[in-house]
Amino acid sequence: MRIGELARRTGVSERALRYYEEQGLLRPERRPSGYRVYGDADVAAVRRIRVLLAAGLSTAQILEVLPCIVDDDGLLTPACPELVDELVKQRDRIGEAISELETTRANLNTIIAGQRS
DNA sequence: CTTCTTACA
DNA sequence: TGTAAGTA
């Protein structure tokens with residue numbers, strides 16, 4: 001299938017699909033016309049990418065993580081020990097970001113209430 | 001009509 | 001990311 005169909009079947013824009021390829025996440029074949037040709041497996045591949053992106057991973061991290069991941073009918077499972085370590089670090093970073101945002105929110109609330117320190 | 005690349009907001 | 005432009 002060409003990019004248009006893959007986009008329709010995954011709900012992902014053609015723009016994003018080309019971007020994933022640019023980032024090395026997808027490797028579609030090319031017809032002599034230059035048109036990209038994707039396989040049925042790419043539909044699942046794109047969904048996998050979306051799940052990882054939704055988990056807060058960057059395209060660069062996804063590129064490293066993809067080969068170490070098992071896809072059990074949609075359920076993504078870490079296949080390498082080092083991958084789990086990476087994901088745990090990622091989760092900790094997110095926790096840090098949340099803490100900082102909570103502090104920022106508290107500061108904002110103080111200003112909004114017009115309280116004196 | 002669909003896709004491609006490049007460039008700009 | 002979206003979109004416009006000029007092609008193949």
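Residue numbers begin at 1 in each chain, while the letters A, B, ... track the order of the sequences.
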Between [X] ([atom1]) and [N] ([atom2]), how many Å, whole number?
{"X": "A:Arg8", "N": "B:dT3", "atom1": "CZ", "atom2": "P", "result": "8 Å"}
{"X": "A:Arg2", "N": "B:dT2", "atom1": "CZ", "atom2": "C1'", "result": "5 Å"}
{"X": "A:Ile3", "N": "B:dC1", "atom1": "CD1", "atom2": "P", "result": "19 Å"}
{"X": "A:Arg18", "N": "C:dA4", "atom1": "CZ", "atom2": "P", "result": "14 Å"}
{"X": "A:Tyr35", "N": "C:dT7", "atom1": "OH", "atom2": "P", "result": "15 Å"}
{"X": "A:Glu21", "N": "B:dT6", "atom1": "CD", "atom2": "P", "result": "12 Å"}
{"X": "A:Leu17", "N": "B:dT2", "atom1": "CG", "atom2": "C1'", "result": "14 Å"}
{"X": "A:Glu14", "N": "B:dT2", "atom1": "CD", "atom2": "P", "result": "9 Å"}

Heavy-atom closest pair, residues A:Val84 and A:Pro78: CG2-CB, 3.8 Å

Side-chain touch A:Ile49/A:Val12, heavy atoms, less than 4.5 angstrom: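 A:Ile49 does not reach A:Val12 side chain to side chain.
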
Test item: A:Leu53 and A:Thr59 side chains (from C-beta on) under 4.5 Å apart, heavy atoms: yes

Sugar-phosphate only, base, or nothing, as touched by A:Arg30 at under 4.0 Å among non-hydrogen atoms: sugar-phosphate

Pair partner, B:dT3 [Watson-Crick or wobble, under 3.5 Å]: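 Paired with B:dT3, as far as the under-3.5 Å criterion goes, is no nucleotide at all.
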
Base partner of C:dT7, which must satisfy Watson-Crick or wobble distances under 3.5 Å: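 Across all strands, not a single nucleotide pairs with C:dT7.
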
Donor on one side chain, acceptor on other, A:Arg50 and A:Tyr20, under 3.5 Å: yes

Distance-only side-chain donor-acceptor flag, A:Glu86 / A:Gln61, under 3.5 Å: no

OP1 or OP2 of B:dT3 under 4.0 Å from side-chain N/O of A:Arg36: no

A:Ser13 side-chain N/O to C:dG2 phosphate OP1/OP2 under 4.0 Å: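 The answer is yes; a side-chain N or O of A:Ser13 sits under 4.0 Å from OP1 or OP2.
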
Under-3.5 Å donor-acceptor pair between A:Arg15 side chain and C:dT1 base: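 Pair found.
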
Distance-only donor-acceptor test (3.5 Å): side chain A:Tyr19, base C:dT1: no

